[in-house]
Amino acid sequence: TDLAHIRNFSIVAHIDHGKSTLADRLIQATNTVADRDMKEQLLDAMDIERERGITIKANTVRIEYEALDGENYVLNLIDTPGHVDFAYEVSRSMRAVEGSLLVVDSTQGVEAQTLANVYQAIDANHEIVPVFNKIDLPASDISRVAEQVEDVIGIDASGAIAVSAKTGEGIREVLEAIVNTLPAPKGERDAPLKAMLVDSWYDPYLGVVVLVRIMDGVLKKGDKIKMMQTGATYPVDRIGVFRPKMENAGELGPGEIGFLTASIKQVRDTKVGDTITHEKKGCEKPLPGFNPSIPVVFCGLFPVDSNEFEDLRDAIEKLALNDASFSYEMETSAALGFGFRCGFLGLLHLEVIRDRIEREYDIELITTAPSVVYHVYMKDGTMQELHNPADMPDMTVVDHLEEPRIKATIMVPDEFLGDVLKLCQDRRGIQLDLTYAGSRAMAVYDLPLNEVVFDFYDRLKSVTKGYASFDYQMEGYRADNLVKMSILVNDEPVDALSMMVHRDRAETRGRAMCEKLKDLIPRHMFKIPIQAAIGGKVIARETLSALRKDVTAKCYGGDATRKKKLLEKQKAGKKKMRQFGKVDIPQEAFISALKMD
Ligand code: GDP
Ligand code: MG
C-alpha cells in the first residue's frame with residue numbers, strides 16, 4: 001500500500017469509556033470480521049482482561065476501508081494498554097502511529113487516565129480526534145464534555161464526533177475523520193530498514209511473535225534482521241498482518257504495521273522500543289528514546305502447599321517467557337519455605353500474574369507484602385538495591401535510605417476532595433497543585449510509592465465512592481527516615497511480615513498490624529504474644545489468649561457425620577494455614593494485616 005492510503009492510529013480513553021467497544025464497531029462496520037465471528041471485545045484476548053474489562057497488552061488490527069472519496073484505505077489500529085502500570089509500553093506504541101481517537105464518555109467527562117493517555121498522545125505529536133461516546137444514554141452531555149476537553153486538556157473540540165459505540169451511531173463519521181483528519185505516515189522505501197519493535201508475545205504454535213512498525217525500508221520473509229539494542233540477529237520466518245487473525249503477507253513497507261516471527265526463543269530477547277534493521281546494510285542510527293520497562297514493585301510468591309514448589313516454578317517460567325517485564329528469582333523464607341521473589345511494573349501487573357498462576361495453573365499462593373525498591377546507602381559509600389525487607393542490612397552499617405517517589409494526579413468531584421486530601425496527607429504526600437474544572441478538582445501530589453503500592457487505590461475508591469480517578473508517574477528517589485519493622489509471633493520473627501516504614505509512622509503501623517493479626521490468627525491452646533519491633537526494640541504488642549479446653553471438647557461431640565464434616569472443614573482450613581513454630585497463621589493474614597484503615 002502506498003503511504004497516502006495508510007492511516008495508523010490508537011484509541012486513548014479512561015477505563016470503561018468505551019475504547020474496546022468502539023474498536024469492535026470499527027472492525028464490524030468495515031466487515032473486517034465476518035458477522036458470525038464477531039464477539040464482543042474482540043481485541044481483549046485474555047480471559048482476565050475480559051473479566052476485568054481491561055486491555056493489558058497492545059493489540060492490533062488492520063482494517064480496510066472504502067472511504068466516501070471512493071479510495072481504499074488501510075487503517076491500522078493499535079489498542080494500547082490503558083493502565084499506568086504499562087505506561088512505558090503505551091508511550092512506545094504511541095510512537096508507532098500518527099494519530100489518536102480520544103474517547104470520552106459523554107456521561108462522565110474527562111478523567112485522570114484520559115489526561116495521562118492524551119498527554120502521551122500529544123507527546124508523540126499525534127493529530128487527535130475527540131470522540132464523545134455513549135450518546136444513547138440520557139445522561140450524555142456533549143457540550144459539557146467539549147468544554148472540559150478544551151479547558152482541561154487544551155485541545156480544540158470543534159471537530160469532535162458524537163457516537164454511540166453501542167448502537168453504532170456516528171461510526172461512519174469516525175472512519176471518515178480517520179481518513180481525512182489524521183495524517184498519512186511518512187517513510188522511505190529505498191532507505192535502509194528501520195522498524196520499531198512495538199510489542200512481542202509468545203505464541204504456542206509460532207514461538208515469539210514480534211509486532212513491528214516499519215519506519216523506512218522494506219521487510220521481507222527470509223531477510224536477516226538485527227535487533228539494534230541486543231545485537232542479536234535472526235532470519236525472518238514469516239511476516240504478516242492482523243485482521244485481527246494473523247495473515248501472512250509478502251512484505252511490509254514503510255508506514256505499515258504487522259508481525260514477524262524469526263525463531264526467537266523467548267520474549268526476553270525482544271525489547272519493546274528496540275529498533276530492528278537488516279544485518280547487512282542496516283540503518284545507522286536507532287530510533288530515539290529506548291528505555292526498557294523495569295519492575296518497581298516486588299513481592300514474594302510462595303505455594304501454600306510446599307509440595308507444589310516445582311509446579312510454581314514451572315508456571316512462573318512459562319509466564320515469564322511471555323512477559324519480559326515480569327522478573328523473578330528464587331527466595332527462601334524461614335517462615336514460608338521455598339518460593340520466588342517477583343518484580344512487577346505495578347500492582348495491577350502483580351494481581352494479574354498472581355491470578356493467572358492460581359487459575360491457569362491451579363496453585364494456591366501466599367503473597368507477601370508488596371514492597372518497592374529502596375536504595376540503601378552504606379557507610380562505606382556503596383549503594384545496594386533492596387527488593388525485600390527481609391534482606392535489610394543491619395542499621396549500624398547503613399548510612400541512609402532512599403525511596404522511590406511518584407507524581408500522582410487525582411481527579412475527583414468537589415464533595416470528596418477533603419477526604420482525598422486527607423488520604424494523601426496520611427500517606428506522606430506533598431501537595432504540588434490543586435485546580436478546578438467545573439465541579440471537579442484535580443489534585444497533584446508527590447507521594448512515596450511505598451505508601452501507594454498496597455491499598456491506596458482501594459482506599460481512594462472507597463472514600464470517593466468510586467468517583468475519583470488516579471494516575472501516576474515515577475519521579476525518582478529521595479532520602480527519608482525509613483526503618484525495617486519486624487513482626488514476631490510467639491517470639492519468632494515472621495520474615496514474610498516484615499516491612500519498611502517511615503520512623504514516624506512505625507508505632508501506628510505496628511500497633512495496627514498487631515491488632516489485625518490478633519483477629520486473624522485463630523486461638524491456640526496456649527497464649528500467643530504478637531509484637532512489632534524495630535531492631536531489638538518492641539514498639540507494639542498484643543496477646544492472643546488461649547483457647548479454653550471445654551470449647552474443643554464440645555466441638556468434637558455430636559454425631560458421626562457432623563464430626564466428619566468438621567474434620568473435612570478443618571482439613572480445608574489447614575491447607576490455607578502455615579505453621580510458624582507452634583502457631584498456625586492463615587494465608588489471608590499476610591495480606592489483610594498490611595491493609596491500613
Ligand atoms: P474500555 O474500558 O474503554 O475498553 O470500555 P469498554 O468498551 O469495555 O466499555 C465499558 C462499558 O461501557 C461496557 O459495559 C460497554 O458495553 C459500555 N459501553 C461502551 N460504549 C457504549 C455506548 O456507546 N453506550 C452505552 N450505553 N454503553 C456503552
Ligand atoms: Mg477495553
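Sequential numbering from 1 along the given sequence is applied to the chain's residues. Keep in mind the model is a prediction, meaning the values are calculated, not measured. Each ligand, and each atom within it, is numbered from 1 in the order the structure gives.
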*Carefully, step by step, assess E71 and V179 under the rule side chain to side chain contact (heavy atoms under 4.5 Å, CB included).*
CA-CA 10 Å; E71 305 275 322; V179 167; over 6 Å; no
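Between A165 and ligand 1, at least one N/O pair is under 3.5 Å apart. Considering backbone and side-chain N/O of G18, one or more are found under 3.5 Å from N/O of ligand 1.
Under a 4.0 Å criterion applied to the non-hydrogen atoms of L137, ligand 1 contributes the atoms 26 (N). Close approach of ligand 1 to K19 (heavy-atom distance below 4.0 Å) involves ligand atoms 1 (P), 3 (O), 4 (O), 5 (O), 7 (O).
Of the candidates V131, V129, T114, V110, T114 is the only one forming a side chain to side chain contact (heavy atoms under 4.5 Å, CB included) with L102. Just one of K134, R144, K19 meets the salt bridge (Lys or Arg N to Asp or Glu O under 4.0 Å) condition when paired with D105; it is K134.
Contact of the E64 side chain with the R243 side chain is registered, since non-hydrogen atoms from C-beta on lie closer than 4.5 Å.
Ring geometry for H349 versus F344: interplanar angle over 60°, hence perpendicular rather than tilted (30 to 60°). Ring geometry for W201 against F242 counts as tilted: the plane angle lies between 30° and 60°, on a 0 to 90° scale.
Within the 4.0 Å heavy-atom criterion, both parts of T21, backbone and side chain, lie near ligand 1. Residue-level proximity to ligand 1 for H17 is carried by the backbone, the only part with a heavy atom below 4.0 angstrom. Neither the backbone nor the side chain of A13 comes within contact range of ligand 1; no heavy atom lies under 4.0 Å.
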